[in-house]
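Worksheet: the structure to be examined is printed underneath.
Basis for what follows: all heavy atoms, side chains included, without hydrogens, waters or symmetry-related copies. Note that the structure is a prediction, hence the values are computed from the model and not measured. Residue numbers start at 1 and run along the sequence shown.
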Amino acid sequence: MTSRPEAELDTSAAAETKTVSGDNTRKVFVRTYGCQMNVYDSERMTDVLAPQGYSTTEDMEEADLVILNTCHIREKAAEKVYSELGRIRKVKEERAKAGKDMMVGVAGCVAQAEGEEISRRAPIVDMVVGPQSYHQLPSLLDKARQGQKVVETEFDIDAKFDHLSERAEKPIMKRPPAAFLTVQEGCDKFCTFCVVPYTRGAEVSRSVEQIVTEAQRMAASGVREVTLLGQNVNAYHGEAADGSTWGLGKLLRRLSEIDGLDRLRYTTSHPRDMDDDLIEAHRELKSLMPYLHLPVQSGSDKILKAMNRKHTRDEYFRLIDRIREAAPDIALSGDFIVGFPGETDQDFEDTMDLIRRVEYGSAFSFKYSQRPGTPGATMEDQVPEDVKSARLQELQALLSEQQKAFNASRKGMTCDVLLEKKGRNPGQLVGKSPWLQPVQLDAPESMIGSVQAVEIVEIGSNSLFGRLIAGQDAADGSGAIPAPAA
């Protein structure tokens, strides 16, 4: 599992995007579950639907089209989708009584994994669309309106990427200050616990030209920070105009040259694909933020082998040393799975030892859960649920302690903060530190979308609190007073 597993994320696409075309008469409601790549995919869905007359809505009851963009990482993901479809069925029935149609689509990784089963179990679903097929939404909608049950789960990633490139030439939406950009999809690693190779397919990279074009359009639409996405983003191997193959380090250097694009990030990485050139990019590029999500999953060599991770704990330690030599102030993040089949107390202690030695700024941790169709699901020595729960609690306590310590180390520093939106309180804005922490501070709304020098004055449980350095101008958004190095 190399896609950053944020399956608790659940948003309406209307909260992420705003269609600026004024003549749209139909409404689409998109609910997004899962990782950042699903957020990106949902935004692209609204892109391809806008020319068909659809604008986004946050109210499902007024939607002519409802799409669930699903994630298959977490346990019982499919059952949660069927439960949500039960609620949607009631809304659809109420609209029908009022003489209003509602079409329903299920997209994403659960759609890919379940296929025809979704149509069988939930007859209200008009379309089942895999993650590589959403660029076909207009034609699939036409088929569904003609009464056909649509199940489209082919792995045609190149066609989707080509379509994304075409859409990037037509900026139809104003972007928020920070946005996602998919550069790579799929996975060839076949970790024994993970469904991604089966739901997203093999590793495929977009061309350099496609990515640069889309990034330029994002910058022109107000984006100041781009996070490059991929199931194995640092396995990126895109074709350049001269026919050569670029790695992620070279791509980041090219994107750093785009005017207005001040901050770059990428996620999620695999230790096996962290090459010298990418590490050097962390040393060289001021716009590449000092944050790296580098999942290790376990600190036990025995469990790493059973997971098919194809690296050892010692190799991971050496890699961390090289990264920190290039970027001493980098915040490291990771993923951890406890209770993988065969995990003993000593294996778990090896993981705890790794965490103590690395010292993470943040991390994601989960109990192992069996995924049908993966090798791990049929392994012997499944760990009892109560043991997994106890281990997870102990591991999360250590990770929480490390995160609090890292956040506390920022107090008193001055750093650049990208101001992204209004806060909960009047006169308050919320931004993002270079280390991906939310920062709350008092600042005028006119500064949204700018990067400002901020002194960190207090530390909260999840956020930093800052004070705007006086004398800055929101006009150019660069911060009149440069922040000293942290």
Side-chain angles (χ1 to χ4, degrees), residues 2 4 181 183-184 205 208 211 215 225-230 232-238 245-258 261-297 299 309-336 354-364 399 402-403 405-407 409-410 413-418 432-437 451 456 482-486:
T2 52
R4 183 175 171 184
L181 198 171
V183 302
Q184 179 271 344
S205 297
V208 173
I211 295 165
E225 175 183 295
V226 164
T227 299
L228 307 183
L229 300 181
N232 287 300
V233 68
N234 58 341
Y236 175 80
H237 54 281
T245 299
W246 286 22
L248 187 61
K250 193 168 184 178
L251 177 66
L252 286 164
R253 290 179 179 87
R254 174 64 185 90
L255 296 177
S256 71
E257 299 170 357
I258 296 176
L261 206 56
D262 298 322
R263 293 156 71 113
L264 297 170
R265 303 181 188 272
Y266 62 92
T267 196
T268 288
S269 300
H270 194 291
R272 288 166 54 195
D273 296 316
M274 200 76 198
D275 61 24
D276 292 341
D277 188 56
L278 182 54
I279 293 173
E280 281 303 305
H282 278 277
R283 188 195 308 273
E284 298 170 8
L285 298 180
K286 181 180 178 182
S287 59
L288 182 55
M289 294 293 96
Y291 173 90
L292 175 62
H293 186 66
L294 191 64
V296 64
Q297 307 298 359
R309 294 291 289 175
K310 296 182 179 176
H311 64 79
T312 66
R313 62 185 271 123
D314 188 59
E315 288 169 342
Y316 187 80
F317 285 138
R318 293 201 301 268
L319 179 58
I320 295 299
D321 288 343
R322 290 165 53 208
I323 293 167
R324 281 190 162 141
E325 189 278 326
D329 195 42
I330 198 164
L332 290 170
S333 174
D335 292 342
F336 295 91
L354 181 144
I355 293 171
R356 294 186 194 100
R357 289 175 60 177
V358 173
E359 296 185 344
Y360 290 90
S362 62
F364 302 88
L399 290 171
Q402 290 189 349
Q403 181 173 354
F406 182 81
N407 288 346
S409 71
R410 307 297 98 175
M413 287 185 173
T414 299
C415 63
D416 286 337
V417 173
L418 173 63
K432 192 183 300 173
S433 81
W435 308 281
L436 205 61
Q437 302 138 309
V451 179
I456 305 302

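- The closest donor-acceptor contact from the side chain of R265 to the backbone of P434 lies under 3.5 Å.
- Nearest approach of A215 to L261, heavy atoms of both residues: CB-CD2, 4.2 Å.
- Listed by chain and residue number, Y360 satisfy the ring-ring contact (aromatic ring centres under 6.0 Å, His included) test with F336 (two or more places apart in sequence, or in another chain).
- We find the CD1-CG distance between I211 and L251 to be 5.0 Å, quoted to the nearest 0.5 Å.
- In this structure, the side chains of L332 and I320 come closer than 4.5 Å at one or more pairs of heavy atoms.
- With contacts defined as side-chain heavy-atom distances shorter than 4.5 Å, the pair T267/L229 qualifies.
- G238 and V208 get closest at one heavy-atom pair: O-CG2, 4.2 Å.
- Cation-pi check for R254 over W246 is not met; the charged atom does not lie both under 6.0 angstrom from the ring centroid and within 45 degrees of its normal.
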Review point. Step by step, would you call R410 with D329 a salt bridge (Lys or Arg N to Asp or Glu O under 4.0 Å)?
Key: CA-CA 11 Å; R410 307 297 98 175; D329 195 42; 3.2 Å; yes
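- The shortest distance between side-chain heavy atoms of L255 and L181 does not fall below 4.5 Å.
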Review point. Given the rule in the side chain to side chain contact (heavy atoms under 4.5 Å, CB included) test, do H311 and Q297 qualify, once you have shown the distances and angles that lead to the verdict?
Key: CA-CA 11 Å; H311 64 79; Q297 307 298 359; over 6 Å; no
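- Contact of the R309 side chain with the E315 side chain is not registered, since no non-hydrogen atoms from C-beta on lie closer than 4.5 Å.
- Using a distance-only test at 3.5 Å, with no hydrogens or angles considered, a donor-acceptor pair links the side chain of Q184 to the main chain of N232.
- A donor-acceptor contact shorter than 3.5 Å links the side chain of Q402 to the backbone of I355.
- One distance of note links NZ of K432 with CE of M289; it measures 10.5 Å at 0.5 Å rounding.
- Here the shortest heavy-atom pairing between M274 and Y266 reads CE-OH, 3.1 Å.
- Summarising the geometry of P295 relative to Y316, their closest heavy-atom pair is O-CE1, 4.3 Å, with the distance given to 0.1 Å.
- In this structure, R318 CZ and T312 OG1 are separated by 6.0 Å, a value rounded to the nearest 0.5 Å.
- A donor-acceptor pair under 3.5 Å is formed between the side chain of S205 and the backbone N or O of H237.
- Panel note: side chain N234, backbone D273; a donor-acceptor pair is recorded below 3.5 Å.
- Across K250 and D277, no two heavy atoms sit closer than the pair N-OD2, 3.4 Å.
- A heavy-atom distance below 4.5 Å is found between the side chains of V233 and V183.
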Check your understanding: Is there a side chain to side chain contact (heavy atoms under 4.5 Å, CB included) between L264 and S256 once you walk through the steps?
Key -> CA-CA 8 Å; L264 297 170; S256 71; 4.1 Å; yes
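- A salt bridge links R283 with E325: the closest approach of a Lys/Arg side-chain nitrogen to an acidic carboxylate oxygen falls below 4.0 angstrom.
- Stacking of R313 on the aromatic ring of F317 is not recorded, the 6.0 Å distance cut-off and the 45° axial limit not both being met.
- You'll find the side chain of S362 stays beyond 4.5 Å of the side chain of Q437, heavy atoms only.
- Between L292 and S269, the closest heavy-atom pair is CD1-OG, 4.0 Å.
- Taking the side-chain hydrogen bond (donor to acceptor under 3.5 Å, both in side chains) definition, one finds that D276 meets it with R322, sequence neighbours left out.
- Residues L294 and L319 have side chains in contact (heavy-atom distance under 4.5 Å, counting atoms from C-beta outward).
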